[in-house]
Amino acid sequence: LLKHYLRSQKDPLCTRELYTAFIASIGTPDALKKWRNVKDVLEFLPETNRQIMKYFFTFLYKISEKSKQNQMTAKNLGVVFGPVVFVVGDGVNPLIEFEYTGYTVVLTELLITHCYSFFYDPHLTPSLESTTPSSPTLDSTISTSVQKK
């Protein structure tokens, strides 16, 4: 039901304008740099989107805490919800969108796993040694430059 609702919205939670920046933000193998990059891009979201993401990813985090009972780990939730939160945009070749699905899963898993450090405590830096999902290798054509609205 939640996935259907997110799909029915005119605009995704991650704005189409920020899609490339979000994908590029996880392109480093350095876990702390990846976390900082994502945190930086979150600042460019409209306030309403950021607040909805805050509650949405907190909800998914709470579901993932019960993964022994419900089999919904942060990664599994990333597979289910990543493609509806991070939408490429209109007119994009479906093969390109499919190619980036792995990145949206990794990004969603990261946001679920570290939702409190992303959305609640601006001074909290998580311990990232073993809990940060690894990223697929990004194509060098992805740009991280974004202009704040």
Side-chain angles (χ1 to χ4, degrees), residues 1-67 70 72-92 96-129 131-136 138-139 141-149:
L1 188 62
L2 183 56
K3 186 175 174 181
H4 175 72
Y5 171 77
L6 290 171
R7 276 197 179 141
S8 71
Q9 299 304 297
K10 180 182 174 192
D11 295 313
L13 282 178
C14 159
T15 64
R16 286 178 174 87
E17 297 80 21
L18 291 177
Y19 177 84
T20 302
F22 271 112
I23 296 301
S25 71
I26 61 167
T28 177
D30 181 300
L32 185 57
K33 185 168 174 49
K34 185 181 306 188
W35 177 84
R36 285 185 178 136
N37 291 346
V38 172
K39 190 152 177 83
D40 288 345
V41 177
L42 285 168
E43 294 299 316
F44 291 97
L45 280 171
E47 183 61 28
T48 302
N49 294 50
R50 193 170 36 254
Q51 287 300 314
I52 293 170
M53 280 183 130
K54 173 182 176 179
Y55 296 116
F56 177 71
F57 285 110
T58 302
F59 174 68
L60 294 182
Y61 175 80
K62 290 178 184 293
I63 291 172
S64 73
E65 284 185 310
K66 308 270 189 221
S67 65
N70 63 27
M72 294 307 291
T73 62
K75 183 174 186 171
N76 289 344
L77 290 164
V79 169
V80 172
F81 289 104
V84 296
V85 172
F86 299 97
V87 178
V88 176
D90 298 328
V92 174
I96 292 173
E97 189 168 5
F98 180 75
E99 180 182 335
Y100 288 128
T101 299
Y103 302 117
T104 63
V105 171
V106 169
L107 183 55
T108 304
E109 182 181 0
L110 183 69
L111 286 162
I112 292 168
T113 305
H114 300 292
C115 66
Y116 287 98
S117 64
F118 282 124
F119 298 108
Y120 291 94
D121 186 347
H123 305 294
L124 179 65
T125 302
S127 171
L128 298 167
E129 291 81 36
T131 60
T132 302
S134 61
S135 299
L138 284 175
D139 184 86
T141 61
I142 294 179
S143 168
T144 57
S145 63
V146 177
Q147 300 214 346
K148 193 161 185 171
K149 293 187 176 197

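The chain is numbered in sequence order, starting from 1.
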**Message:** Pair Leu107, Leu111 - check side-chain contact (heavy atoms from CB on, under 4.5 Å), show working.
**Reply:** CA-CA 6 Å; Leu107 183 55; Leu111 286 162; 4.2 Å; yes

**Request:** Taking all heavy atoms of Pro83 and all of Gly78, pick out the closest pair and write down the distance.
**Result:** CD-O, 3.7 Å

**Asked** Looking at residues at least two apart in the chain, or sitting in another chain, which of them share a salt bridge (Lys or Arg N to Asp or Glu O under 4.0 Å) with Asp11?
**Response** Arg16

**Complete:** In this structure, CD1 of Ile63 is separated from CG of Asn76 (nearest 0.5 Å) by 12.0 Å

**Prompt:** Roughly how far, to the nearest 0.5 Å, is the CG atom of Asn49 from the CG atom of Leu18?
**Reply:** 9.0 Å

**Heavy-atom pair of closest approach, residues Thr28 and Lys34** = O-CE, 3.1 Å

**Message:** Let me confirm one number: the CE-CD distance from Met72 to Glu65, rounded to the nearest 0.5 Å.
**Reply:** 14.5 Å

**Close side-chain approach of Val85 and Phe22, heavy atoms under 4.5 Å** = no

**Item:** Approximate separation, where rounding is to 0.5 Å, of Thr20 OG1 and Phe86 CZ
**Value:** 12.5 Å

Could you tabulate the donor-acceptor pairs under 3.5 Å formed by side-chain atoms of residues 50-61, not counting sequence neighbours?
| from | atom 1 | to | atom 2 | distance (Å) |
| --- | --- | --- | --- | --- |
| Arg50 | NH1 | Leu42 | O | 2.9 |
| Arg50 | NH1 | Glu43 | O | 3.3 |
| Arg50 | NH1 | Leu45 | O | 2.9 |
| Arg50 | NH2 | Glu47 | OE1 | 2.5 |
| Gln51 | NE2 | Glu47 | OE2 | 2.9 |
| Thr58 | OG1 | Lys54 | O | 2.6 |
| Thr58 | OG1 | Tyr120 | OH | 2.8 |

**Request:** Please list, chain by chain and in numerical order, all residues satisfying side-chain contact (heavy atoms from CB on, under 4.5 Å) with Val79, sequence neighbours excluded.
**Result:** Val105

**Request:** Answer yes or no: is there a side-chain heavy-atom contact under 4.5 Å between Thr104 and Ile23?
**Result:** yes

**Prompt:** For the atom pair CZ (Phe81) and CZ (Arg7), what is the distance rounded to the nearest 0.5 Å?
**Reply:** 10.0 Å

**Item:** Distance-minimising heavy-atom pair for Lys39 and Asp121
**Value:** NZ-O, 4.4 Å

**Side-chain touch Lys33/Arg36, heavy atoms, less than 4.5 angstrom** = no

**Prompt:** Does Ile26 reach the side chain of Val38, with side-chain heavy atoms less than 4.5 Å apart?
**Reply:** yes

**Request:** Work out which heavy atom in Cys14 is nearest to a heavy atom in Pro12; give both atom names and the distance.
**Result:** O-CG, 3.0 Å

**Item:** Minimum heavy-atom distance between Ala74 and Ser64, given as atom pair plus value
**Value:** N-CB, 3.8 Å

**Message:** Could you check whether any side-chain heavy atom of Ser25 comes within less than 4.5 Å of a side-chain heavy atom of Asp40, counting everything from C-beta outward?
**Reply:** no

